[in-house]
Amino acid sequence: MTTCAVKFCDNKMSLTKNISYFRFPSDPLRCKQWMEKCQTEHLLKKDATILYKNYRVCGVHFEDKMFLNPNSRNRLTMNAVPTIFSAGILMKREMEKKSEEEKEKKLEEEKQMRESSCSTPPHSLTYNDNAYTNVSDVSGSSSISSKLQVSTSDSSCHTPLYLTNKTPRKLKLYNELQSKNKEIKDMKKQINAITQQLANVNTVEQMLTLTKQFLPPGLFLIISTHINRRNTKATGYRYSNEFKQLALTIYFLGPKVYRFLQSTLALPNPCTLRRITKHYEINPGLNDSLFNFLQFKTQHFSPESLECVLCADEMAIKSNLFYNISKDEIIGFNETNNRKTYDPAKFVLVLLVQGINFNWKQPIAYFFISNSCTGFDLQDIILTSIFKLENIKINVKAFVSDMGSNFIGLSNKLQVSPERPYFEINNKNIVYIFDPPHLLKATRNMFYQHNFKYDNELIEKKHLVSFYNEDSKNNLRAAPKITYSHIFPGPFEKIRVYLAAQVFSESVSAGMLLFLNSSHLPDTSLPTINFIQNMDKLFDIFNSSRRPGLKQFNRPFKNTDSQISHLKFMENFFKTLQVFNKKTNVEVTNQMKFIRGWLISISGLFQLWESLKVTNTDESYVLYTSRINQDRLENLFGTFRTQHNGNNINPTPIQFIWSYKQNFCLNYFTHSDNANCIGDLDEILSKINTDPLNDENIKIIFHDKNPFQFKKNILAIDTPDYRNLSMPEKNAFIYVCGFLMKKCIEKHSCDICIQYAKSQNKLDESFLLCYFKAYENAEKTMFGNLMMPQHAFYNYIDELENIFINRFPHIAINKEVDNVQFWPVGERLHSYSLIPGVHQHEHIIKDDLGFLYFKSKRLEDKVYLKCKERCPATGSISSDENNKHFQLRRLHDHDVRPSDTEMRELRSSIGIWKSMCSTNCSAILSTIFICRSNC
């Protein structure tokens, strides 16, 4: 409790709310001045720093002129000194002063009496009968005794020591004293030893040793981290990887409990935990690290929480290449689960898992693809993903996709049908469901394009158009949400789910019934009205959620009689539905993909319900069917499109990767209520005590960082003639070379380099663009401040460009681009050679990688070539035999293959590398053109 340091002042901070308290000055001279005024002499031995920190003087002892703000009285001037003291304080000071004076006077009198009693003349000894008598000249002396009495007030009055030094009594006391001194000495040694032991016991290291011995690993880690944080800074690295892993475990068990324990157990902020994945590389494909992350999160999920749906869909992206320096890799090429090809990616395939019984989701993989992912690649991706999810105890119950041709082909490959709405993996049935919103859009689009016929009754769009035309004329409309875009959708409106859902709605069917009863619609419109109403009920069954609704079929699916009856009716409806072309009236039912999609999805819903009821035996169990569609995946795509500049419809591959990492982190740290089998605080704390720390998980989540290092390649540069370009190309080329020289000067700018960069002082047709673009400088030079080096630099850049163009397709798809060499170290790349052919009337042309071509056709200036192996690769070479520059237009789809005997002899005669021979032709492309004859 803070009190005023002035002597006899009773003010306390807790009792005087309106009085300010001021520290003693840190300046020693002013501090001493304050102590003299306050009469705090008992504090003179204390340092000014201690007084500044621990002692205060209340504001009542300062005059108004001592304050900078006399009204508030809470800020003192630089020279303020306490001068005001109340009458009570002054009276107490006076009484204390008088009391001290009386004490000093009394002590002085006692001292004088002692001195006078010991300073008397030597005593006279008088013999009186049988005794000596002690006679004193001072009045009031001691009484006369019959025995010898000695005064003890002074040493001059004592009996000489030689008379009493070795009496039996003193010898006995002396021995006892020696014994006691020895005991005291031994006890002091014991006290020192015990004190030293206590000092060793009361250390942090000893305490940590004991806690590690007697406490569970989790609690020991919490205690040790809490103690070690005392000497750490407020920012920077403060938590070990083991402690972060423990904090993640607590967070996933319950964020509310985590926030409650955060200050008590010194847990890191959730933002610190989110930064774990910030620098983690999430590459295209199925990353084991992502599955390990997911396993770590779901390790305490209940069995019902682990039941989930796998969704897959494609999103269009902008073709773009990005060189990632840290990974030494070019991003933006086609990359499936098996291989990477030299084709710019135009789409990205994203996989996402979402809970069926509980609200959680997590993207798990993405793939850059040049065209729609089809065939074996798509099948391999889906099956491998499900297999990996099953390995980490996540129970995949269904697979959901849209109605794209690639996914329809996948369902055919997996032998999915209305009678068998599932496929098998490891003797487990995975239900296949086509996304109901996509099915609804497809049904609406086909309904607009064709005429439906069911039970010999036509279902036509014209009745819907008539209803809209009549209803739109009224001020108060029966279906106010229906607009022109609903009835006549454009290309973008056709992909909007909400427009299709509002057409197939209860409001539209009710409004059309109203118009039918009022004779505004013909009786033949009734089948169309029933179709719209039945489609609304069907979509409600496939789109139920937790939100309570008044519509009967929009309630959670429970396999009730009404739900079963309507699903069976719609199943029979689609089986017997006939579709006719409006213009030709030709039946096109077999071309309608949505019919098969609805039949598979309806059968799949029944199959999924039976599968879920095996583990969810509670009678009150319901299925929220909105969790078995692709809405969450579509929302994720919307997030990707809005994270860069707000409206980036087609993000580039690198932008997609950045967004994917961010969304992965956000979803990873999103908690799902009631998903964990551990809920309250007691269970969580006991789980911390019993769960051992897993070193493997620590390595998975907190991986070691390896710094990236560039490798140096040696390039041998020739001197080609860049002046074969046309005049505009020459000028543009010269200008670009000057820009590159400018970048070089920014890195290294010695006088020699600067002089070389501006050494061009002649004007010809190649430098006209630079001449016209140059600004006038102080020196009045021809090219101003532009960088204009000599021709050798332009030749150098031209050769680098040619090498890059020819070799880039082969090295760009490698993971370590900087590791791949353009040609063997120290050896110049040979020009492409014309070799006499082994076939009649043909010439075989071989490039330096060993691929063979034959002549396709010949023009005046070019010879067009095709690969000898009948692959898509084509190229061209100049008709001039002196110009052997070869340009490959399409890439090979195979490795170098062995040729016949004659061709091998031709190869050996011109010194082709050993890797091209028949014994080593299985080498992959990246090793072919770095292999030498001595490999």
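Count residues from 1 along the sequence. For clarity, every value in this text was computed on a predicted model and none was experimentally measured.
In this structure, Phe368 and Phe656 have perpendicular ring planes: the angle between them is above 60°, well past the 30° mark. Taking the six-membered ring for Trp and thresholds of 30 and 60 degrees, Tyr432 and Phe423 have ring planes more than 60 degrees apart, a perpendicular arrangement.
Under the 3.5 Å distance criterion, with hydrogens and angles disregarded, a donor-acceptor pair is assigned to the side chains of Glu307 and Asn616. For the residue pair Lys397 and Ser611, a side-chain donor N or O sits within less than 3.5 Å of a side-chain acceptor on the partner. Side chains of Asn590 and Arg596: a donor-acceptor N/O pair is absent below 3.5 angstrom, by distance only. Residues Trp360 and Thr298 have side chains that never bring a donor and an acceptor to within less than 3.5 angstrom of each other. Inspection of the Asn406 and Glu314 side chains reveals an N or O donor paired with an N or O acceptor under 3.5 Å. Asp328 and Tyr323 share a side-chain donor-acceptor pair at under 3.5 Å.
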- Task: I would like to know whether Phe542 and Leu605 meet side chain to side chain contact (heavy atoms under 4.5 Å, CB included); could you show each step before the answer?
- Result: CA-CA 9 Å; Phe542 277 93; Leu605 181 59; 3.9 Å; yes
- Would Thr341 and Asp343 satisfy side chain to side chain donor-acceptor pair (under 3.5 Å), going step by step from the backbone distance to the final call? CA-CA 6 Å; Thr341 61; Asp343 297 304; 3.1 Å; yes
- Item | Step-by-step salt bridge (Lys or Arg N to Asp or Glu O under 4.0 Å) determination, Lys340 to Glu329 | CA-CA 12 Å; Lys340 184 176 181 181; Glu329 182 181 5; 3.2 Å; yes
- Apply side chain to side chain contact (heavy atoms under 4.5 Å, CB included) to the pair His450 and Val588, showing each step before the final yes or no. CA-CA 9 Å; His450 306 285; Val588 291; 4.1 Å; yes
- Task: Please report the C-alpha distance between Val348 and Ile369 in whole Å, then the side-chain angles of each, then the deciding distance to 0.1 Å, and finally whether the side chain to side chain contact (heavy atoms under 4.5 Å, CB included) criterion is met.
- Result: CA-CA 6 Å; Val348 59; Ile369 49 181; over 6 Å; no
- Might you work through the side chain to side chain contact (heavy atoms under 4.5 Å, CB included) test for Leu633 and Gln354, ending with a clear yes or no? CA-CA 9 Å; Leu633 189 54; Gln354 56 186 9; over 6 Å; no
- Derivation of the side chain to side chain donor-acceptor pair (under 3.5 Å) call for Tyr621 and Asn357: CA-CA 9 Å; Tyr621 175 75; Asn357 302 315; 2.5 Å; yes
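At distances below 3.5 Å, not a single donor-acceptor pair connects side-chain atoms of Lys494 with backbone N or O atoms of Lys441. The backbone N or O of Ser370 sits less than 3.5 Å from a side-chain atom of Asn334, completing a donor-acceptor pair. A donor-acceptor contact shorter than 3.5 Å is absent between the side chain of Asn429 and the backbone of Tyr422. Side chain of Ser603 to backbone of Glu419: no donor-acceptor contact under 3.5 angstrom is found. Under a 3.5 Å cut-off, the side chain of Glu634 and the backbone N or O of Gln630 do not form any donor-acceptor pair. Side chain of Glu493 to backbone of Gly490: a donor-acceptor contact under 3.5 angstrom is found. Checked by atom type and distance alone, the side chain of Ser601 pairs as donor or acceptor with a backbone atom of Phe434 at under 3.5 Å. One N or O on the side chain of Ser626 and one on the backbone of Ser544 form a donor-acceptor pair closer than 3.5 Å. Side chain of Ser305 to backbone of Phe301: no donor-acceptor contact under 3.5 angstrom is found. One N or O on the side chain of Gln655 and one on the backbone of Thr652 form a donor-acceptor pair closer than 3.5 Å.
Taken to the nearest 0.5 Å, the CD1 atom of Ile382 stands 6.0 Å off from the CZ atom of Phe407. Rounding to the nearest 0.5 Å places CG of Leu439 at 9.5 Å from CG of Asp402. Note: Ile602 CD1 to Leu538 CG = 5.0 Å, rounded to the nearest 0.5 Å. Considering OG of Ser411 and CZ of Phe399, their distance stands at 9.5 Å, rounded to 0.5 Å. If you take CG on Asn629 and CD1 on Ile433, they are separated by 9.5 Å, rounding to the nearest 0.5 Å. Interatomic distance, OG1 of Thr625 versus CZ of Phe557, reported as 8.0 Å (0.5 Å rounding).
Annotation: side chain of Phe367 is not in contact with side chain of Pro284 (no heavy-atom distance under 4.5 Å). Two residues are said to be in side-chain contact when any heavy atoms from C-beta on lie closer than 4.5 Å; Ile386 and Glu390 meet this criterion. The shortest side-chain heavy-atom distance between Met315 and Pro651 falls under the 4.5 Å cut-off. Contact check for Leu321 versus Ile331: no side-chain heavy atoms found under the 4.5 Å cut-off. Looking at Ile628 and Val431, their side chains never come closer than 4.5 Å, going by heavy atoms from C-beta outward. Contact of the Ile317 side chain with the Phe347 side chain is not registered, since no non-hydrogen atoms from C-beta on lie closer than 4.5 Å. Side chains of Ile595 and Lys575 form no contact here, defined as non-hydrogen atoms less than 4.5 Å apart. Residues Leu440 and Phe594 form no side-chain contact, since every pair of their non-hydrogen atoms from C-beta on lies 4.5 Å or further apart.
Residue Lys393 places its NZ atom among 12 or fewer non-hydrogen atoms of other residues, nucleotides or ligands, all under 6.0 Å distant. Annotation: Phe387, atom CZ; neighbour count of heavy atoms from other residues, nucleotides and ligands within 6.0 Å does not exceed 12.
A side-chain contact (heavy atoms from CB on, under 4.5 Å) with Ile364 is found for exactly one of Leu286, Leu352, Leu310, namely Leu310. Only one option out of Val353, Thr384, Leu351 pairs with Leu389 in a side-chain contact (heavy atoms from CB on, under 4.5 Å); it is Val353.
Among all heavy-atom pairs drawn from Ile408 and Lys593, the shortest one is CD1-CD, 3.2 Å. Minimum interatomic distance between Leu349 and Ala312 (heavy atoms only, all atoms of both residues): CD1-CB, 4.4 Å. Considering all non-hydrogen atoms of both residues, Lys428 and Val396 come closest at NZ-O, 3.0 Å. For the pair Pro437 and Asp435, the tightest heavy-atom approach, listed with the atom from each and the gap, is CD-OD1, 3.0 Å. Nearest approach of Leu577 to Thr589, heavy atoms of both residues: O-CG2, 3.5 Å. When all heavy atoms are compared, the tightest approach of Asn650 to Ala316 is OD1-O, 3.4 Å.
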